[in-house]
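See structure below.
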Amino acid sequence: MKRTHYCERPRESDIGNTVTVSGWVANWRDHGGLVFIDLRDRTGIVQVVFNPEDSAELHERAGRLRSESCITVSGVVSKRPDGMQNPAIPTGMVEIKAGELLVHNESAPPPFDVDNPGEVSLETRLSYRFIDLRRPEIFRIFHMRHRILQTFRRFFDEKGFIEVETPFLTKSTPEGARDFLVPGRLTPGSFYALPQSPQLFKQILMVGGLDKYFQIVKCFRDEDVRASRQPEFTQLDIEMSFVDENDIMDIMEKAMSLVFELAPEKKLSLPLPRLTYGDAMERYGTDAPDLRFSMEIGDISDIAAGCGFRVFKNAVEGGGCVRGICVPGGAAMSRGEIDGFIEWVKQFDLPGLAWFKVEDDGPAGGVAKFFSEGEFNSIAERFNAKPGSLLLFAADMRHKTDRALAPLRLHVAEKMDMIPSDKFELCWVVDAPAFERAEDGRLTFPHHPFTAPYEEDIGLLEERPTEARTKSYDLVLNGVELGGGSVRISDPEVQMQVFRILGYTQDEIEDRFGFLMRALNHGAPPHAGIALGLDRVVSKLLGIDDIRETIAFPKTQRGICMLTGAPTRVEEKQLKELGIATSGQ
RNA sequence: GGGGCCGUAGCUCAACUUGGUUAGAGCGUCGGACUGUCGAUCCGAAGGUUGAGGGUUCGAGUCCCUUCGGCCUCGCCA
């Protein structure tokens, strides 16, 4: 008995035809006489009727069927009796009168109800992912993921890109995220690392003349798991030769607009807005701004410097700043709600917030009394604050004010219901600096050390490294970084200079990046590229917050696969072979 | 590494203010009835090391400590 139709297919036009359907028992209703089986496959549900008058033997076997058993049934598609139709399902006008039944595999009682899962914990669902995946809404996620991947593949193929696979067993790079290591059996004491991204390989492919490369590829980073982060995740990786930053942004925008057509309610307007990294940091306090609402961060350090409020004055005199947001309608908030915000920002290591309300006759409450009328007017003007607004200020070093204000802006907006949930604000954040000063004073990089600075900023690299801008671009959607890229350094002198500024010795450069330096000395073309976090693209397009929902077999917060239990201990023999000793535990 | 929430039947939850007899409910499961249901209905039953271990107490699901696991978050994520 071979399947002829998917469960959702039989309709009134099929009445009288014999069909064979396969699937899982979604529900069973035994009336003593009639037995009804709702049969489910990935397309939907169809009702099968077993009538003892047709076959007593078949009816008896059907009566023993239970949820989630896997069966194949054939029978005649029949019109349901009047009044017995079910308009809730597409096949609800018909039913299959069973003539033959094949039970492939009975199911033990499922740990949760597939069609009414309620609020089953992710833990349980992932342990029984094979049951969870039978749910129509879960199938829809993976079908969408498939379509997004196929859309990208088709698009880049049509544009002349070549998909090339790069190695998973590769070289550890101590900078960046922590590596997953794989011991090399033939080279005891040596380790491969799983790639954090195929970055250097794709650059080498450009030097090799591939010209246009793409890959949909797993990347691995051994950092703490979050709802938006998995230790292994999928990137859409792109690299092109003889192009500049605009070419990459242009082609990516076209690809994204195609993908967005898969969710027709989410329209994109092209070209996407671009804002500079400096602008984003100034106005939103983050390099991944959420543009669905305004409530931009304002800076009143100049006014605060001369005001009578010691906390503000001291902050500015100590090299810090005073920055804040203006909450329209926030003056209606109670003292308790405002105190709630003050408590909330403490998780970002900010001591608190200063605040006052703007009323018809001037400032009120909080720190209002410390400001002259002139100072108040300047502040109100800067924020364009209307009566009824609430002003919230953070006074501290710039990196600390912004670390708190950026999430506070989102937090308040959510509380005030200012975020239109159907809006999709995609933008580019460009021109990130080549270097950033870490809190311990060391130089790091916002992107990676292969990012090309603007020619006119190369002179700044040595003297004022944090002011040198790069030809970089991050793609940001509703406050989430979907991906980023840059024009790469193709001049070996510049690359060497960047490594030296980062403090690498000649030996270290040769040891870690010797192959790159050699490539850059053998006819490297100008090249640029980008990588997108596909799990995030998929979840955003589906309106899902947790990327685990879009990954077939994701890891838990401790990096454990609930299905297999990995990672697990291995046999002593295996370790010995690899020359590895574990330290106790 | 830090902070927080959670863990009770297969699943989702309850057991209160203040520790008190035999830890309950819905769904599911099992048995029975039923020829038009579709989250079927009705009758009945089984099902618990309250995540684990220790402590306080006459008495612990409840309080304390440790531990395991899940989730959120800061740090981390070139």
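Please read all numbers here as calculations on a predicted model, not as lab measurements. Labels below follow one simple rule: chain letters A, B, ... track the order of the sequence lines, proteins then strands, and each chain is numbered from 1.
Applying the salt bridge (charged side-chain N to carboxylate O under 4.0 Å, His left out) test to residues at least two apart or on different chains, the pairs with a partner in residues 554-566 of chain A are A/Glu232-A/Lys555. Applying the salt bridge (charged side-chain N to carboxylate O under 4.0 Å, His left out) definition to pairs two or more places apart or across chains, those involving residues 472-490 of chain A are A/Glu239-A/Arg488.
B/A60 and B/G54 are spaced 13 Å apart, taking the P atom of each and rounding to whole Å. Rounded to the nearest Å, the gap between the P atom of B/C63 and that of B/C5 is 13 Å. Across B/U57 and B/A46, the matching P atoms stand 38 Å from one another, rounded to whole Å. Here the separation of B/A15 from B/G26, taken at their C1' atoms, is 15 Å to the nearest Å. When the C1' atom is compared between B/G51 and B/G7, the two are found 6 Å apart, to the nearest whole Å. When the C1' atom is compared between B/A9 and B/C27, the two are found 12 Å apart, to the nearest whole Å. For the P atoms, the distance linking B/G44 with B/U8 amounts to 29 Å, nearest Å. Across B/G70 and B/U41, the matching C1' atoms stand 38 Å from one another, rounded to whole Å.
Of the nucleotides present, none pairs with B/U50 by Watson-Crick or G-U wobble criteria with both distances under 3.5 Å. Remark: B/C16 base-pairs with no nucleotide; criterion is Watson-Crick or G-U wobble with both hydrogen-bond distances under 3.5 Å. B/C27 and B/G10 make up a base pair, with Watson-Crick or G-U wobble contacts both under 3.5 Å. Within the shown strands, B/G70 is the pairing partner of B/C5 under the Watson-Crick or G-U definition, both distances less than 3.5 Å. With a cut-off of 3.5 Å on both Watson-Crick or G-U wobble distances, the partner of B/U56 is given as none.
Remark: C1' of B/G1 and CG of A/Asp349 are 15 Å apart, rounded to the nearest angstrom. In this entry the distance linking CD of A/Glu343 with P of B/G3 reads 17 Å, nearest Å. Spacing between atom CG of A/Asp222 and atom C1' of B/C76 amounts to 11 Å, rounded to whole angstrom units. Between the CZ atom of A/Phe233 and the P atom of B/C77 there is a distance of 13 Å, rounded to whole Å. When the P atom of B/C30 is taken as reference, atom CD of A/Glu106 falls 11 Å away, rounded to whole Å. Atom pair A/Gln85:CD and B/G36:C1' shows a separation of 11 Å (rounding to whole Å applied). Computed from coordinates, the A/Glu223 CD to B/G75 C1' distance equals 10 Å when rounded to whole Å. A straight line from CZ of A/Arg221 to P of B/C77 spans 10 Å, rounded to a whole angstrom.
Using a 4.0 Å heavy-atom cutoff across all strands shown, A/Glu95 reaches at least one base atom of the nucleic acid. In this structure, A/Asp30 reaches the bases: a heavy-atom distance under 4.0 Å links it to at least one base atom across the strands shown. Contact annotation for A/Asp38: backbone-only contact, meaning every heavy-atom pair under 4.0 Å involves sugar-phosphate atoms and none involves a base. Within the 4.0 angstrom heavy-atom criterion, only backbone atoms of the sugar-phosphate kind lie near A/Pro111; the bases stay farther away. Counting non-hydrogen atoms under 4.0 angstrom, A/Gln196 reaches nothing in the nucleic acid. Heavy atoms of A/Glu119 sit under 4.0 angstrom from primed sugar atoms or phosphate atoms, though from no base atom.
Taking A/His5 as the reference, nothing meets the ring-ring contact (aromatic ring centres under 6.0 Å, His included) condition, with sequence neighbours excluded. With sequence neighbours left out, A/Tyr128 forms a ring-ring contact (aromatic ring centres under 6.0 Å, His included) with A/Phe130. The side chain to side chain donor-acceptor pair (under 3.5 Å) search around A/Tyr6 returns none, not counting sequence neighbours. Remark: A/Tyr284 pairs with A/Glu296 by the side chain to side chain donor-acceptor pair (under 3.5 Å) rule, at least two apart or across chains. Take A/Asp287 and apply the side chain to side chain donor-acceptor pair (under 3.5 Å) test, not counting sequence neighbours, and it matches no residue. Taking A/Arg140 as the reference, nothing meets the side chain to side chain donor-acceptor pair (under 3.5 Å) condition, with sequence neighbours excluded.
Nearest nucleotide to the A/Phe36 side chain, out of B/U35, B/C11, B/U37: B/U37. The side chain of A/Gln347 lies closest to B/U73, out of B/C38, B/G75, B/U73. Taking only side-chain atoms of A/Arg80, from C-beta outward, the nucleotide of B/C77, B/C38, B/U35 with the closest atom is B/C38. Distances were taken from every side-chain heavy atom of A/Ser67 (C-beta onward) to each of B/G36, B/C77, B/U29; the shortest belongs to B/U29. Considering only side-chain atoms of A/Asn51, the nucleotide from B/U35, B/C76, B/U37 that sits closest is B/U35.
Side-chain contact check for A/Val494 versus A/Ile458: some heavy-atom pair is nearer than 4.5 Å. Counting only heavy atoms from C-beta outward, the side chains of A/Gln235 and A/Leu532 never approach each other to under 4.5 Å. A/Arg129 is listed as a side-chain neighbour of A/Pro554, based on a closest heavy-atom distance under 4.5 Å.
Between A/Arg66 and A/Phe450, the residue anchored closer to the 5' end of RNA chain B is A/Arg66, taking for each the nucleotide with the nearest heavy atom. In terms of position on RNA chain B, the residue among A/Val120 and A/Leu34 whose nearest nucleotide sits closer to the 5' end is A/Val120.
Between A/Phe36 and A/Phe50, the gap from one ring centroid to the other reaches at least 6.0 Å. Here the two rings, on A/Phe450 and A/Phe513, have centers that are under 6.0 Å apart.
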Which pairs, protein N/O on one side and nucleotides 24-27 of chain B N/O on the other, fall under 3.5 Å?
none

Report all side-chain donor-acceptor pairs from residues 338-353 of chain A shorter than 3.5 Å, counting only partners two or more places apart or in another chain.
{"residue": "A/Glu343", "atom": "OE2", "partner": "A/Lys346", "partner atom": "NZ", "Å": "2.9"}
{"residue": "A/Gln347", "atom": "NE2", "partner": "A/Trp344", "partner atom": "O", "Å": "3.1"}

Tell me, for nucleotides 67-72 of chain B in 5' to 3' order, what letter each nucleotide earns: B for a base near a protein heavy atom under 4.0 Å, S for only sugar-phosphate near one, - for neither?
--SSBB

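For the residue pair A/Glu223 and A/Arg178, the shortest heavy atom distance occurs at OE2-N, 2.8 Å.
The side chain of A/Trp28 places an N or O atom within less than 4.0 Å of a non-bridging phosphate oxygen (OP1 or OP2) of B/U29.
Residue ring and base: A/Phe112 does not count as stacked with B/C11 (centre distance below 5.5 Å and interplanar angle below 30° not both satisfied).
Using a 4.0 Å cutoff on non-hydrogen atoms, the parts of residues 395-414 of chain A near RNA chain B are A/Arg403, ordered by number.
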